[in-house]
Amino acid sequence: MVLKTFGWSFAVTALGLVAAFFYGGWQAFGIVAILTILEISLSFDNAVINAGILKKMNAFWQKIFLTIGILIAVFGMRLVFPVVIVAVSAQLGPIEAIDLSFNDPEKYKELVTDAHPSIAAFGGMFLLMIFLDFIFEDRDIQWLRWIERPLAKLGKVDMLSVCVALIVLMITAMTFATQAHQHGGGHVDKASTVMLSGIAGLITYLVVGGLSGFFEGKLEEEEEREHEAEEQAKKKGKPVTGVALAGKAAFFLFLYLEVLDASFSFDGVIGAFAITNEIVLMALGLGIGAMYVRSLTVYLVRQGTLDDYVYLEHGAHYAIGALSVILLVTIRYEINEIITGLIGVVLIGLSFWSSLRRNRAIAAAGGGDGDTGGSPGSKAQVHSGV
């Protein structure tokens, strides 16, 4: 099972490390290995969130996620995206930006750094909306009840997550974006850039998430109608419209996953510049790491890990919330990537430990392994905070 799921990741790792060695010797080999570990540690929470979405898809779309999706993730976000940042921010052509990345890596890094406020605002707002929509939703299974119960009650107010996100964006623009970066000896005000980029991230979340939810709802309605028809009729058959709707629903869920992956990759791409300015090594290291994140996502789905360890999804969403805040803070202040990665690992680790405690308590109470309801009144509920 492990080899089948991670086989491509192992193969890409071997090829990538060999390519790095021939490109720049043992030093390049070490840099790519470090970047791979960086990407995996920063994106583990991404895998947990992706698994929650991917389990709604059939085997075909899971394969699409691992094939076409990984091409988008590796070549789009880890190779093309840094070049696009430089091309747009410096008003250069794509060829000139690529030439700059190879021949003047220091200038290339400087241009990417100048574009960081807009990248952080876009990614930070997109991730913040994911966290807010999760935390404001009333759910049977609660991890940190002292936080989640009152916030779930507040979540009954329509559009509260959007209002909170916009307030956070305004505070960020006024606090962190004013005189955000020094350039040429003077300060540059990035407030308007941060506002526009943040609003773009918010709109992207609402559009992609809205379309995904719409078609997913249509798919569920169609499946209910088909189920009723099958019970009434002896002949079994699935209407053509049902297949079409299933395709649309899966497509928009796939699109949502890709935008989500893009937002998660921002910190990895930016953090990679602290290790190397060479775009080839960056693409190799982050690309290998992205493969492991994808494989881990599929592994979590096929093993049913999210069903067995019910608080993992909570921990991942808290990690997303922390990452969104970190991205917004980095508009003005530098935060070490090790801290960013450790926060996510610690939160997910705590949620995993809480899930184990819950499962043991249910088993001791005679609930068995199959009891995953996690009602708020259960003895196994965890009341302690992180």
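- Nearest heavy atoms, Ser351 versus Tyr311: CB-O, 3.1 Å.
- Using a 30° and 60° split on the angle between ring planes, Phe126 and Phe122 fall in the parallel class, below 30°.
- Distance CG/Leu154 to CG/Asp138: 11.5 Å, rounded to 0.5 Å.
- Follow the hydrophobic side-chain contacts under 4.5 Å out from Leu196 and you never reach Met125; the two are in separate clusters.
- Side-chain heavy atoms closer than 4.5 Å link hydrophobic residues (I, L, V, M, F, W, Y) into clusters, and following such links, possibly through other members, connects Leu160 to Ile147.
- Put simply, the side chain of Leu206 reaches to within 4.5 Å of the side chain of Met129, judged on heavy atoms.
- Counting only heavy atoms from C-beta outward, the side chains of Tyr318 and Phe131 approach each other to under 4.5 Å.
- Judged by distance alone, with hydrogens and angles left aside, the side-chain atoms of Arg139 form a donor-acceptor pair with the main-chain N or O of Phe134 at under 3.5 Å.
- Contact of the Leu17 side chain with the Thr13 side chain is registered, since non-hydrogen atoms from C-beta on lie closer than 4.5 Å.
- Residues Ala165 and Leu128 approach most closely at CA-CD2, 4.1 Å, considering heavy atoms.
- Taking CD1 of Ile348 as the start and OG of Ser355 as the end, the distance is 11.5 Å to the nearest 0.5 Å.
- Within the structure, the side-chain hydrogen bond (donor to acceptor under 3.5 Å, both in side chains) test picks out the following pairs touching residues 154-170 (sequence neighbours left out): Asp133-Ser161.
- To the nearest 0.5 Å, atom CG of residue Leu328 and atom CG of residue Leu169 are 7.5 Å apart.
- By the 6.0 Å contact criterion, CD on Gln27 is open, its count of non-hydrogen atoms from other residues, nucleotides or ligands being 12 or less.
- How far CZ of Arg358 is from CH2 of Trp143: 14.0 Å, rounded to the nearest 0.5 Å.
- In plain terms, the two heavy atoms of Arg332 and Thr175 that are nearest each other are NH1-O, 3.3 Å.
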For Asp99 and Ile95: C-alpha separation, side-chain torsions, deciding distance, then whether side chain to side chain contact (heavy atoms under 4.5 Å, CB included) applies. CA-CA 6 Å; Asp99 180 69; Ile95 303 300; 5.5 Å; no

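- Using a distance-only test at 3.5 Å, with no hydrogens or angles considered, no donor-acceptor pair links the side chain of Ser295 to the main chain of Tyr292.
- Going from atom CG of Leu144 over to atom NE2 of His314 covers 8.5 Å, rounded to the nearest 0.5 Å.
- Between the CD1 atom of Ile326 and the CD1 atom of Ile343 there is a distance of 3.5 Å, given to the nearest 0.5 Å.
- By the criterion of side-chain heavy atoms lying less than 4.5 angstrom apart, applied directly or through intervening Ile, Leu, Val, Met, Phe, Trp or Tyr residues, Val32 is not grouped with Leu15; the two fall into different hydrophobic clusters.
- The main-chain N or O of Val194 is never found under 3.5 Å from a side-chain atom of Ser197 such that the two would form a donor-acceptor pair.
- Using a 4.5 Å cut-off on side-chain heavy atoms (C-beta onward), Thr172 and Ile331 make contact.
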With a 3.5 Å cut-off and sequence neighbours excluded, list the donor-acceptor pairs that the side chains of residues 284-291 form with protein atoms.
none

